[in-house]
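Below is one structure, written out as structure tokens; the observations come after it.
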Amino acid sequence: MALLEVRNLSVEYETQDDPVRAVNDVSITIERGERMGLVGESGCGKTTIAKSLIGLLPKNGRVTGGSIELTRPGDGSVVDLTDVRPKTMQDIRWAEIAMISQSAMNALDPVYSVGQQIVEAIRFHEDVPKKEARRRAGELIDRVGIDKEHLNSYPHQLSGGMRQRVMIAMALALDPPLILADEPTTALDVVTQDHILSQIDDLCESENISMLMITHDISVVSETCDRIGIMYGGELVEAGPIREVFNDPQHPYTQGLLNAFPSLDGMGRDLITIKGQPPDLTAPPAGCSFYERCPYSEERCLEYKPELTPRGSDRRAACFVTEDGYDIGTNYERILEDSSKWQKL
């Protein structure tokens, strides 16, 4: 049984004008010990999914369809997180699903030391003496490469990398089976990014922790994840094992993302830019959400929305063109020369 099963999840935000469908009919599965990455442009719905999983949507956000089924570690029971009491969700946060936020400076309380904040998370869920909780807090920050003396430090006294390590330590405080990592290396220099990603990877491996990595950077996912889901316009457009998706993308947007990032083993490859903007989610298109920016688009793509269909035993993609057998990899160079939608840099 999967640890997390998200089925046909839809989320809307109420605005002064029309509601915004931020997530539309998304389904993902995370097995025990598996690490999955969700990748896409800003505003594609990645963080909204993460906040839905942990019950932290803003007041104007609501789940309008689907289910989020979590298999609980204690008795193996399955609970739908879209339909639980607030007290149950409080019990689940940190103990069963923890989150590493994208801005540690904003996520940490500036008026409490980092030690106090980790101790509070432990004692909220476990009836342990303060001294024992503080001992565990010291072990946690030592585990992520911070000297125990910094338990008494306040967030502003730590560097960006150290604050991010504190967030990782807090996420591990109660040994949760699932961690949500929402842009955990944002605003960090590349050397610190590499250290943080290595630590996350090592800790997940050693503790058999499942992870959902949220990022706009496809290279981050390549370092840390087993599987990948590509989001566009609030929808999941491709998903599968990371090597298979990288080597043979089945959705044009995936192909565009991969070719928009430089590669150490492909220095001679031309990088591209994808012209245009994501769709307006207050009035989503009737057909494929990527139609206006896709160099492979056909007339049917404008009128009908492609479904997420199997591409092999463990892959899915939402594209009429590749579903019919058209090889976008083989035809990439020719399409790039003829199209005005993608341009070489």
Side-chain angles (χ1 to χ4, degrees), residues 2-12 20-31 34-41 43-50 52-53 63-69 82 212-216 218 221 225-258 274 278-279 281 284-329:
L3 175 63
L4 184 75
E5 187 82 38
V6 179
R7 293 192 179 98
N8 308 112
L9 180 68
S10 294
V11 181
E12 286 187 354
V20 174
R21 176 66 66 89
V23 175
N24 184 31
D25 199 28
V26 169
S27 297
I28 59 174
T29 300
I30 301 179
E31 302 290 343
E34 183 178 56
R35 287 162 284 178
M36 181 174 185
L38 276 185
V39 178
E41 293 169 271
C44 70
K46 309 183 300 295
T47 297
T48 294
I49 290 175
S52 300
L53 299 184
V63 174
T64 58
S67 62
I68 304 170
E69 295 184 350
T82 66
L212 182 64
M213 172 74 77
I214 308 292
T215 181
H216 65 276
I218 206 164
V221 172
C225 297
D226 309 305
R227 294 174 54 79
I228 188 171
I230 306 295
M231 295 284 297
Y232 184 78
E235 299 172 344
L236 188 67
V237 297
E238 183 164 2
I242 197 158
R243 289 186 179 274
E244 293 183 27
V245 173
F246 276 31
N247 291 333
D248 183 28
Q250 290 293 299
H251 193 282
Y253 181 59
T254 307
Q255 185 187 54
L257 281 182
L258 290 170
I274 304 174
L281 297 183
C288 176
S289 58
F290 194 55
Y291 173 81
E292 297 291 342
R293 306 173 75 186
C294 179
Y296 305 94
S297 61
E298 301 174 356
E299 186 175 343
R300 59 178 170 168
C301 305
L302 177 62
E303 299 179 10
Y304 304 102
K305 184 177 293 293
E307 295 183 0
L308 209 61
T309 55
R311 308 297 164 88
S313 61
D314 196 26
R315 292 188 61 186
R316 298 175 294 157
C319 177
F320 290 130
V321 176
T322 58
E323 185 179 12
D324 287 348
Y326 187 84
D327 191 332
I328 59 176

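- Minimum heavy-atom separation, Lys305 to Pro285: NZ-O, 4.0 Å.
- Within a 6.0 Å radius of OH in Tyr326, more than 12 heavy atoms belonging to other residues, nucleotides or ligands are found.
- Judged as a side chain to side chain contact (heavy atoms under 4.5 Å, CB included), and not counting sequence neighbours, the contacts of Gln255 are Pro249, Asn259, Tyr296, Ile328, Tyr332, Trp342.
- In this structure Glu298 satisfies the salt bridge (charged side-chain N to carboxylate O under 4.0 Å, His left out) test together with Arg300, sequence neighbours excluded.
- In this structure the side chain of Ser52 never reaches within 4.5 angstrom of the side chain of Val23, judged on heavy atoms.
- Under the side-chain hydrogen bond (donor to acceptor under 3.5 Å, both in side chains) criterion, Thr29 pairs with Glu5, sequence neighbours left out.
- For the atom pair Arg243 CZ and Asp226 CG, the distance stands at 10.5 Å (nearest 0.5 Å).
- Between the CG atom in Asn247 and the CG atom in Leu258 there is a gap of 9.5 Å [rounded to 0.5 Å].
- Within the model, atoms CD of Glu235 and SG of Cys288 stand 8.0 Å from one another, a figure rounded to the nearest 0.5 Å.
- Looking at heavy atoms from C-beta onward, Cys44 lies out of side-chain contact with Pro278 at the 4.5 angstrom threshold.
- Here the OG1-CD1 distance, from Thr254 to Ile230, works out to 4.5 Å after rounding to the nearest 0.5 Å.
- Once rounded to the nearest 0.5 Å, the distance linking CG of Leu3 with CD1 of Ile30 reads 7.5 Å.
- In terms of heavy-atom proximity, Cys319 sits nearest to Gln250 at CB-O, 3.9 Å.
- For the side chain to side chain contact (heavy atoms under 4.5 Å, CB included) with Leu9, the lone residue among Asn24, Ile68, Ile28, Asp25 that qualifies is Ile68.
- The minimum heavy-atom distance between Glu238 and Val245, with the atom names listed, is OE2-CG1, 4.0 Å.
- With sequence neighbours excluded, the residues forming a salt bridge (charged side-chain N to carboxylate O under 4.0 Å, His left out) with Arg293 are Glu41, listed by chain and number.
- Pro284 is not listed as a side-chain neighbour of Pro279, based on a closest heavy-atom distance of 4.5 Å or more.
- For the residue pair Glu12 and Thr64, no side-chain donor N or O sits within less than 3.5 Å of a side-chain acceptor on the partner.
- The side-chain heavy atoms of Val26 and Val11, taken from C-beta on, include no pair separated by under 4.5 Å.
- Ring-plane geometry between Tyr253 and Tyr232 is classed as tilted, the angle between the planes lying from 30 to 60 degrees on a 0 to 90 degree scale.
- Residue pairs meeting the salt bridge (charged side-chain N to carboxylate O under 4.0 Å, His left out) criterion with at least one member in residues 248-258, sequence neighbours excluded, do not occur.
- Taking the side chain as every heavy atom from C-beta outward, Thr322 and Arg311 approach each other to under 4.5 Å.
- In this structure the side chain of Ile214 never reaches within 4.5 angstrom of the side chain of Ile49, judged on heavy atoms.
- Of the possible donor and acceptor atoms, none in the side chain of Lys46 sits under 3.5 Å from a partner among the backbone N and O of His216.
- Ala22 approaches Thr48 most closely through the heavy-atom pair CB-OG1, 4.1 Å.
- Here Arg227 pairs with Asp314 under the side-chain hydrogen bond (donor to acceptor under 3.5 Å, both in side chains) rule; sequence neighbours left out.
- For the pair Met213/Arg35, no side-chain contact is recorded, criterion being any heavy-atom separation below 4.5 Å from C-beta on.
- Remark: Ser297 OG to Phe290 CZ distance equals 9.5 Å, nearest 0.5 Å.
- Leu38 places a side-chain heavy atom less than 4.5 Å from the side chain of Leu236.
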